[in-house]
Number of protein chains: 4
Amino acid sequence: MPGEPEPKWRRRAEDRPDEVLDAALSQFVSRGFAATKVEDIAREAGLSKGAIYRYFASKEDILESLIRRAIVPIAERVSELARTSTGDPVEVIRSMMSVVIVNISDPNTLAIPRLVLQESGTFPKLAEIYRREVLDRGVSAMETLIERGVAEGYFRPVQPRFAVRNVIGPFIAHVLLVQVFGMERRPEETMEAFLESHLDILMNGLSNKPEGA
Amino acid sequence: MPGEPEPKWRRRAEDRPDEVLDAALSQFVSRGFAATKVEDIAREAGLSKGAIYRYFASKEDILESLIRRAIVPIAERVSELARTSTGDPVEVIRSMMSVVIVNISDPNTLAIPRLVLQESGTFPKLAEIYRREVLDRGVSAMETLIERGVAEGYFRPVQPRFAVRNVIGPFIAHVLLVQVFGMERRPEETMEAFLESHLDILMNGLSNKPEGA
Amino acid sequence: MPGEPEPKWRRRAEDRPDEVLDAALSQFVSRGFAATKVEDIAREAGLSKGAIYRYFASKEDILESLIRRAIVPIAERVSELARTSTGDPVEVIRSMMSVVIVNISDPNTLAIPRLVLQESGTFPKLAEIYRREVLDRGVSAMETLIERGVAEGYFRPVQPRFAVRNVIGPFIAHVLLVQVFGMERRPEETMEAFLESHLDILMNGLSNKPEGA
Amino acid sequence: MPGEPEPKWRRRAEDRPDEVLDAALSQFVSRGFAATKVEDIAREAGLSKGAIYRYFASKEDILESLIRRAIVPIAERVSELARTSTGDPVEVIRSMMSVVIVNISDPNTLAIPRLVLQESGTFPKLAEIYRREVLDRGVSAMETLIERGVAEGYFRPVQPRFAVRNVIGPFIAHVLLVQVFGMERRPEETMEAFLESHLDILMNGLSNKPEGA
DNA sequence: GATGAATGAGATTTCATTCAT
DNA sequence: CATGAATGAAATCTCATTCAT
């Protein structure tokens with residue numbers, strides 16, 4: 001004898017697309033695109049299989065929309081970075097890295113490049129979108145920064161196009177080892193500690209050259 | 001013995017599994033595991049769909065076998081590296097990197113970690129095998145090497161577990177940018193040039209510390 | 001009364017069903033019943049999908065209503081024909097044919113038998129309705145007419161049940177060839193010219209019998 | 001304890017396509033293309049749903065193949081007709097009509113034009129194929145025949161392009177009335193009787209012209 | 001009433017795996 | 001043994017119909 005009939009569903013056209021993408025992201029990342037059923041996404045998004053197709057034309061469309069949605073804020077952040085890059089390049093790099101660390105720590109942000117990586121074989125378009133929108137901009141901003149660092153005497157005369165790899169590579173390695181391959185991490189190995197180590201080695205090198213040598 | 005007709009269609013049965021794995025590798029990498037049909041593999045391997053199942057229990061079994069087969073020589077090489085690691089650690093790292101470069105340049109070798117990466121979402125077992133057999137050994141060998149470098153005064157007092165990321169990360173970044181995301185590479189950007197740049201920055205750092213400062 | 005705003009979006013509810021049927025007819029004919037979506041009909045009728053179900057119980061109900069609606073005037077016309085059939089049967093046939101020609105030239109009238117033909121496989125009920133309401137009456141009226149023609153000496157002693165086919169068949173052939181199969185029509189091949197040719201051959205035959213032979 | 005294990009299925013790749021088309025024809029005609037499930041066809045053809053797709057790319061492909069297969073012999077017969085058309089055109093027409101009657105009496109042959117008619121709305125390609133391969137040839141052969149009949153004095157000076165409709169129309173009317181709309185047929189109304197009636201009316205007309213008038 | 005979001009049954013199509021030949 | 005025809009489970013996508021708003 002409940003007074004309220006409790007409706008079977010609710011109309012929420014506004015919020016659905018984002019909810020579907022959220023659900024899809026989580027499913028794609030944990031099972032891979034091919035192994036995720038549209039019904040899995042629907043269930044997690046809290047609606048029916050058929051309703052998904054009101055918002056997306058196909059499963060592949062969901063994937064692509066997902067990547068595009070995630071890319072917008074990243075691209076904006078990168079553009080901003082390129083503009084504000086004045087003063088000691090080391091400090092710029094350090095603050096950039098802090099941003100990266102924050103993002104890397106958020107599974108949902110990290111999920112995007114993971115997904116692009118995972119599915120780039122099957123959907124080359126994804127890799128291309130990501131490269132065009134994120135990498136081309138981010139990498140070239142970083143190159144410009146290093147170039148300036150060299151020109152202004154902060155850095156040794158390195159080749160910026162290569163040096164970029166030394167800046168971002170260790171992060172990628174860290175994420176792969178820890179997140180993808182599940183290498184166990186000791187308690188003291190925090191992201192912050194890793195950042196300090198990375199910056200130290202990046203700036204000063206491994207070599208123990210006695211001064212004047 | 002020239003009397004033997006030597007039928008060309010008869011190949012040694014013991015070679016078949018390897019041919020199947022070769023074909024599977026090439027297909028899996030270019031289309032992804034899920035999008036590859038057993039028939040595709042059969043066609044490329046030059047035998048029939050049914051024959052595949054004489055050698056492998058399932059499509060997944062092919063994938064796993066593929067990873068296992070590729071891992072054996074890598075693991076051996078890594079173990080050997082750990083043993084022969086005497087003398088100037090810089091030289092050891094340099095020669096290791098040369099080996100890495102050779103392997104990275106071979107699409108079929110590079111294909112393995114790519115594949116593991118691609119399919120780790122769907123088959124966590126793959127990531128686990130790869131980690132256990134390759135990363136755990138390789139990374140710890142590298143750690144040991146750095147540890148010794150620090151102990152013997154070659155290197156500054158860095159944390160080996162972090163420093164490893166600075167050694168391998170730039171390679172990973174390079175491969176991802178170029179191979180996965182298709183960032184264009186200028187003619188002068190050879191692997192060898194990159195190796196020199198990486199080693200230089202890794203050892204000496206970016207920072208332009210004036211002597212005596 | 002010019003003070004009334006006369007909202008254009010409000011149409012008389014009693015017109016709606018007819019508008020739905022008009023829209024459905026046009027859609028069914030051009031795409032077939034199965035390939036027509038209820039939403040297509042709704043869009044063409046200028047109302048929403050849900051509103052359709054206020055007037056019709058199901059898509060099939062629309063189809064059946066459509067046929068029934070079209071059949072009423074035809075059946076009436078046919079009954080009238082049977083009554084007014086006095087005097088020279090040739091003239092009756094000629095005037096009947098004129099009516100047929102007018103109707104055949106109107107795509108919407110022609111659409112009904114086309115639709116019945118198209119969907120009779122899936123919905124035998126349609127064929128049955130059409131036969132009972134139109135053919136049974138029309139054909140038997142025509143039979144009666146011919147019978148009288150024979151009895152009164154206008155016609156040769158033919159079998160009315162067969163002769164009917166010679167009267168209506170050429171029209172059907174014409175429509176099929178031109179409308180359904182798109183056989184090109186020369187400018188001089190007007191409906192009127194065809195009617196004259198048909199009547200001439202129907203009455204006088206093809207044979208070139210010399211008088212008195 | 002039966003000695004023979006009775007295999008679940010049999011390999012008969014040679015015969016399958018034709019069997020599938022036979023089954024499809026029967027299903028399409030009785031239920032319409034859209035209402036026929038691929039599984040229905042499979043069941044009637046005696047194999048599984050999936051096996052259908054070894055021989056045909058899609059359900060639509062089955063339909064098209066069906067029409068094409070049926071058209072080949074018809075087109076050949078028509079071409080032959082055009083060649084052998086010498087002597088009294090009335091006799092040619094009579095023998096042609098006999099052929100038509102035989103074919104019309106075979107449900108499977110009649111099924112093809114019925115199917116084309118039914119599905120021409122949804123698949124205009126079908127109508128086009130049928131027109132190009134059958135009608136264009138058949139109709140023009142008939143036109144030529146009539147033309148010759150007129151030229152040689154057998155026929156009155158009719159317009160061949162119209163007269164064709166008087167020749168074939170009554171057959172179409174007959175088939176539609178009887179087969180599609182199920183008008184009941186009396187025992188004496190055999191195909192042969194109809195043929196004689198049709199020929200008589202076609203040649204001599206309905207009109208009861210008193211000799212010498 | 002009208003709307004169109006949501007449902008869910010069902011249809012097509014794919015393909016790993018089996019097994020007659 | 002090899003082959004590839006055949007199976008059948010499963011996945012994507014469609015759309016008539018319902019019902020919250």
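Atoms considered below: every heavy atom in the structure, side chains included; atoms not considered: hydrogens, waters and symmetry mates. Per chain, numbering begins at 1; letters A, B, ... match sequence-line order.
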**Student:** Could you check how far CD of B:Gln27 sits from P of E:dA16, rounded to whole Å?
**Tutor:**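 Rounded to the whole Å, the gap is 12 Å.
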**Student:** How close or far is atom C1' of E:dA11 from atom OH of A:Tyr53, stated in whole angstroms?
**Tutor:**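 Result: 13 Å.
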**Student:** F:dA11 P sits how many Å from A:Ile41 CD1, rounded?
**Tutor:**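 My rounded result for the distance is 13 Å.
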**Student:** Between D:Lys125 and D:Glu64, is there a donor-acceptor pair closer than 3.5 Å when you use the side chain of the first and the backbone of the second?
**Tutor:**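 Absent.
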**Student:** Hey, are the side chains of D:Leu117 and D:Arg114 touching, using non-hydrogen atoms and a 4.5 Å cut-off?
**Tutor:**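 D:Leu117 does not reach D:Arg114 side chain to side chain.
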**Student:** Could you please name the option among E:dC15, F:dA6, F:dA10 that lies closest to any side-chain atom of D:Arg54?
**Tutor:**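 The listed nucleotide nearest to D:Arg54's side chain is F:dA6.
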**Student:** Given atom NZ of A:Lys59 and atom P of F:dT12, what is their separation to the nearest angstrom?
**Tutor:**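 Atom-to-atom, A:Lys59 to F:dT12, this comes out as 4 Å.
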**Student:** Look at the side chain of A:Lys49 and decide which nucleotide, out of E:dA6, E:dG10, F:dT3, has an atom nearest to it.
**Tutor:**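 Closest of the options to the side chain of A:Lys49: E:dG10.
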**Student:** Using whole Å, report how far CZ of B:Arg31 lies from P of E:dC15.
**Tutor:**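 Going from CZ in B:Arg31 over to P in E:dC15 covers 10 Å.
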**Student:** Quick one: C:Ile52 CD1 to E:dG1 C1', roughly how many Å, whole number?
**Tutor:**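 Whole-Å distance recorded here is 15 Å.
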**Student:** Can you run through DNA chain F from 5' to 3' and write each base as (, ), [, ], | or . depending on how it pairs? Watson-Crick or G-U wobble, both distances under 3.5 Å.
**Tutor:** .||||||||||||||||||||
**Student:** Please tell me which of A:Val38 and C:Ser58 maps to the more 5' nucleotide of DNA chain F, matching each residue to the nucleotide holding its nearest heavy atom.
**Tutor:**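 Nearest-nucleotide comparison on DNA chain F picks A:Val38.
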**Student:** Looking at D:Arg10, does any N or O in its side chain come under 4.0 Å of the phosphate oxygens OP1/OP2 on E:dT21?
**Tutor:**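 Checking D:Arg10 against E:dT21: at least one side-chain N or O falls below 4.0 Å of OP1 or OP2.
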**Student:** Starting from C1' on F:dT21, measure out to CZ on A:Arg12 and report it in whole angstrom.
**Tutor:**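 Distance check: A:Arg12 CZ to F:dT21 C1' gives 14 Å.
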**Student:** For C:Phe56, report the nucleic acid contact type (base, sugar-phosphate, nothing); a contact means any heavy atom under 4.0 Å.
**Tutor:**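 The residue C:Phe56 makes no contact with any strand.
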**Student:** Using 30° and 60° as the class boundaries, would you call the ring planes of B:Phe123 and B:Phe33 parallel, tilted or perpendicular?
**Tutor:**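 Rings of B:Phe123 and B:Phe33: perpendicular, over 60°.
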**Student:** Counting side-chain heavy atoms from C-beta on, which of E:dT17, F:dT21, F:dA5 comes nearest to D:Tyr55?
**Tutor:**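 Taking heavy atoms from C-beta onward, the closest nucleotide is F:dA5.
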**Student:** Should A:Arg69 and A:Asp22 count as an ion pair when the cut-off is N to O under 4.0 Å?
**Tutor:**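 Yes, this pair counts.
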**Student:** Need to verify one output field. Residue with the more 5' nearest nucleotide on DNA chain E, B:Glu39 or C:Ser48?
**Tutor:**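 Nearest-nucleotide comparison on DNA chain E picks C:Ser48.
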**Student:** To the nearest Å, how far apart are C:Phe33 CZ and F:dT14 C1'?
**Tutor:**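 Distance check: C:Phe33 CZ to F:dT14 C1' gives 15 Å.
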**Student:** Can you tell me if C:Arg16 touches the phosphate of E:dG1, counting only side-chain N or O atoms and a distance under 4.0 Å to OP1 or OP2?
**Tutor:**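 No, C:Arg16 has no side-chain N/O under 4.0 Å of OP1/OP2 on E:dG1.
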**Student:** Report yes if some heavy atom in the side chain of B:Leu115 is under 4.5 Å from a heavy atom in the side chain of B:Glu119; otherwise report no.
**Tutor:**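 Yes, side chains in contact.
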**Student:** Could you say whether D:Ala34 or A:Ala51 is positioned toward the 5' end of DNA chain E, judged by the nucleotide with the nearest heavy atom to each?
**Tutor:**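 First, find each residue's nearest nucleotide; the 5'-ward one identifies A:Ala51.
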**Student:** Please determine if A:Glu19 and A:Arg12 form a salt bridge, counting it only when a charged side-chain N lies under 4.0 Å from a carboxylate O.
**Tutor:**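 Counted as a salt bridge, because a side-chain N and a carboxylate O are separated by less than 4.0 Å.
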**Student:** Let me confirm one number: the CD1-CD distance from B:Ile71 to B:Glu133, rounded to the nearest 0.5 Å.
**Tutor:**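 B:Ile71 atom CD1 to B:Glu133 atom CD measures 6.0 Å (nearest 0.5 Å).
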